[in-house]
2 protein chains.
Amino acid sequence: MKLSVRGEYALRAMQVLAERHGGPVVSIQTLSEEQNIPKRFLEQILNDLKSSGLVESRRGMAGGYRLAMAPADVPLARIIRYIDGALSPVSCVSERFYEKCSCPDETRCALRSVMKEVRDAVAQMMEKTTLADLIARAQKLRAVPMGPMDFVI
Amino acid sequence: MKLSVRGEYALRAMQVLAERHGGPVVSIQTLSEEQNIPKRFLEQILNDLKSSGLVESRRGMAGGYRLAMAPADVPLARIIRYIDGALSPVSCVSERFYEKCSCPDETRCALRSVMKEVRDAVAQMMEKTTLADLIARAQKLRAVPMGPMDFVI
DNA sequence: ACAATCTCTATTGCATAAGTAGGGATTTGT
DNA sequence: ACAAATCCCTACTTATGCAATAGAGATTGT
């Protein structure tokens, strides 16, 4: 039930790009250092994201990456689907990555109906949450930096 | 974001055991045929489930497996957690399989807060749905076997 | 004794993920 | 023109985990 490391890196990098949206492009170097992501690996990921049309790049000395669209127009689902594939726990309930499963009768599979609900819950969450929402959350989290337990000396 | 095949097999096998709860033990042979699961592989899985205390076994000629408790007392979450591990999409939001992630500040990670909500949604669903619920769903699905499209000759 | 079952451990094959490497192309600054 | 910093592309390596298979042993009913 896991997101791949690759997918996680993609989301983190995209969040940084979203935060700097409108400013100058951001280099892999910067992204890599800021987010503790292996530089060469991130390079690949950003390249994939570029192929997907989610980011644009600029080459040369002052080069780097930037979002290809407004943060509010990029649901997390889109990033994850592109990098990792299906959101569904089993592929027989996936809408875009459907595959037949080995169970005797898919149409009457009780497990399938449960998994479909799980899928829908996850998809809805990932679909409604955009990079803009992520930024908003980050700001809130910065505003209340410490949990109540952290006041102990 | 996937359940392993192993986990899926475990759930399917457990459903059958739940349906036959109260009756005689069910052999791997039967489970394997009924659910299209490689026999030898299922053997391993059932063995794991036995170690977890979810099923009991009987050896010898009329041997087989049965649930160790009532279907209503077995949430799907328990099976999945035992076979596959965390329900969480990222381990830094897992309650039972927590692992530190590589992001710079976990307490203020916006992505983490989103993932936590996803985790909660999945966990709640898997926790509240038991094997008994699965049986009930299966019965309903049997009652309305065909979708509207299937009436075409 | 025999046959059908579970039990346990090991191993294999395979796919995918994670990360690394090298050399090339492009832009900027001097 | 040249150097430096960057992106670009392809290939490779390595590790990990998953799915499945295999073989020998233990237990039970007839």
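None of the values given here were measured: they were computed from a predicted structure. So you know, we letter chains A, B, ... as the sequences are listed, proteins then strands, and number each from 1.
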Chemist: Quick check: are there more than 12 heavy atoms from other residues, nucleotides or ligands sitting under 6.0 Å from CZ of B:R66?
Modeler: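 No.
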
Chemist: We want to know whether A:S94 and A:S91 form a side-chain donor-acceptor pair, criterion being a heavy-atom distance below 3.5 angstrom.
Modeler: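 Note: A:S94 and A:S91 side chains miss the donor-acceptor criterion.
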
Chemist: Within the structure shown, what part of the strands sits under 4.0 Å from A:L46 by heavy-atom distance: base, sugar-phosphate, or nothing?
Modeler: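 Touches nothing.
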
Chemist: I'd like to know if B:R12 pairs up with B:E34 as an ion pair, taking the criterion as any Lys NZ or Arg NE/NH1/NH2 lying under 4.0 Å from an Asp or Glu carboxylate oxygen.
Modeler: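 So B:R12 does not pair with B:E34 through a salt bridge.
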
Chemist: Between B:R59 and A:V26, who's closer to the 5' end of DNA chain D by nearest nucleotide?
Modeler: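 Counting from the 5' end, the first nearest nucleotide belongs to A:V26.
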
Chemist: Assign B:G60 to base, sugar-phosphate, or nothing according to its heavy-atom contacts below 4.0 angstrom with the strands shown.
Modeler: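 Base, at least one base atom sits under 4.0 Å.
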
Chemist: Is there a side-chain contact between B:Y65 and the phosphate of C:dT5, meaning an N or O under 4.0 Å from OP1 or OP2?
Modeler: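 No, B:Y65 has no side-chain N/O under 4.0 Å of OP1/OP2 on C:dT5.
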
Chemist: Within the 3.5 Å criterion, strictly below it, is a donor on A:S102 or B:N36 matched to an acceptor on the partner's side chain?
Modeler: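 B:N36 and A:S102 do not have a side-chain donor-acceptor pair below 3.5 Å.
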
Chemist: If you assign each of B:D84 and B:R40 to its closest nucleotide in DNA chain D, which residue comes earlier from the 5' end?
Modeler: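 Nearest nucleotide further toward 5': that of B:D84.
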
Chemist: OP1 or OP2 of D:dA5 versus the side-chain N and O atoms of A:S27: is any pair under 4.0 Å?
Modeler: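 So the side chain of A:S27 is outside the cut-off, no N or O lying under 4.0 Å from OP1 or OP2 of D:dA5.
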
Chemist: Take the protein atom CG of B:D48 and the nucleotide atom C1' of D:dA20, then report the distance between them rounded to whole Å.
Modeler: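 For the pair B:D48 CG and D:dA20 C1', the rounded distance is 14 Å.
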
Chemist: Using a 4.0 Å heavy-atom cut-off, does B:R6 contact any base of the nucleic acid, only the sugar-phosphate backbone, or nothing at all?
Modeler: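 Contact class for B:R6: sugar-phosphate only.
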
Chemist: Given C:dC6, is OP1 or OP2 found less than 4.0 Å from the side-chain N or O atoms of B:N47?
Modeler: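 For B:N47, the contact criterion (side-chain N or O under 4.0 Å from OP1 or OP2 of C:dC6) is not met.
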
Chemist: Whole-Å distance between D:dC18 P and B:L3 CG?
Modeler: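 It is 11 Å, rounded to the nearest whole Å.
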
Chemist: Has the side chain of B:R58 got a donor or acceptor that lies under 3.5 Å from a partner of the other kind on the base of D:dG29?
Modeler: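 Answer is no: no donor-acceptor pair is held.
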
Chemist: Taking atom types as modelled, is there a side-chain donor on A:T130 or A:D133 under 3.5 Å from an acceptor on the other?
Modeler: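 Looking only at side-chain atoms, A:D133 and A:T130 do form a donor-acceptor pair, the distance falling under 3.5 Å.
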
Chemist: Ignoring the backbone of B:F41, work out which of C:dG29, D:dT21, C:dG19 is nearest its side chain.
Modeler: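 Among the listed nucleotides, the one closest to the side chain of B:F41 is D:dT21.
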
Chemist: Of A:K39 and B:G63, whose closest DNA chain C nucleotide lies nearer the 5' terminus?
Modeler: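 Of the two residues, B:G63 wins.
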
Chemist: Given D:dC7, D:dG23, D:dA5, which nucleotide is nearest the side-chain atoms of B:E43?
Modeler: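 Nearest listed nucleotide: D:dG23.
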
Chemist: Within this structure, what is the CD1-to-C1' distance between A:I37 and C:dG19, rounded to whole angstrom?
Modeler: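 Interatomic distance, CD1 of A:I37 to C1' of C:dG19: 13 Å.
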
Chemist: Using OP1 and OP2 only, check whether a side-chain N or O of B:Y9 sits under 4.0 Å from D:dA19.
Modeler: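 For D:dA19, neither OP1 nor OP2 has a side-chain N or O of B:Y9 closer than 4.0 Å.
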
Chemist: Could you check how far CG of A:L42 sits from C1' of D:dT6, rounded to whole Å?
Modeler: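 Taking atom C1' of D:dT6 as the reference, CG of A:L42 is at 14 Å.
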
Chemist: Of the listed nucleotides (D:dA4, C:dA4, C:dC6), which one gets closest to any side-chain atom of A:M61?
Modeler: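 So the nucleotide nearest the side chain must be D:dA4.
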
Chemist: Under 3.5 Å, is there an N or O donor on one side and an acceptor on the other linking the side chain of B:Q44 and the base of C:dC8?
Modeler: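 Per atom types, no contact qualifies.
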
Chemist: Between B:K116 and B:E95 (salt bridge meaning N to carboxylate O under 4.0 Å), is one present in this structure?
Modeler: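 Result for this pair is yes, salt bridge flagged.
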
Chemist: B:Q29 near the nucleic acid: base, sugar-phosphate alone, or nothing, with a heavy-atom cut-off under 4.0 Å?
Modeler: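 Contact class for B:Q29: none.
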
Chemist: Verify the contact: side-chain N or O of B:S4 to OP1 or OP2 of D:dA19, cut-off strictly under 4.0 Å; return yes or no.
Modeler: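 So the side-chain polar atoms of B:S4 do come within 4.0 Å of the phosphate oxygens OP1 or OP2 of D:dA19, strictly under.
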
Chemist: Just N and O in the side chain of B:K50: are any of them under 4.0 Å from OP1 or OP2 of C:dC6?
Modeler: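 No, B:K50 has no side-chain N/O under 4.0 Å of OP1/OP2 on C:dC6.
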
Chemist: Can you see if the side chain of A:S57 gets near the phosphate of D:dC8 - specifically, an N or O under 4.0 Å from OP1 or OP2?
Modeler: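 The answer is yes; a side-chain N or O of A:S57 sits under 4.0 Å from OP1 or OP2.
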
Chemist: Rounded to whole Å, how long is the line connecting atom CD1 of A:I83 with atom C1' of C:dT16?
Modeler: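 Rounded to whole Å, this separation is 15 Å.
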
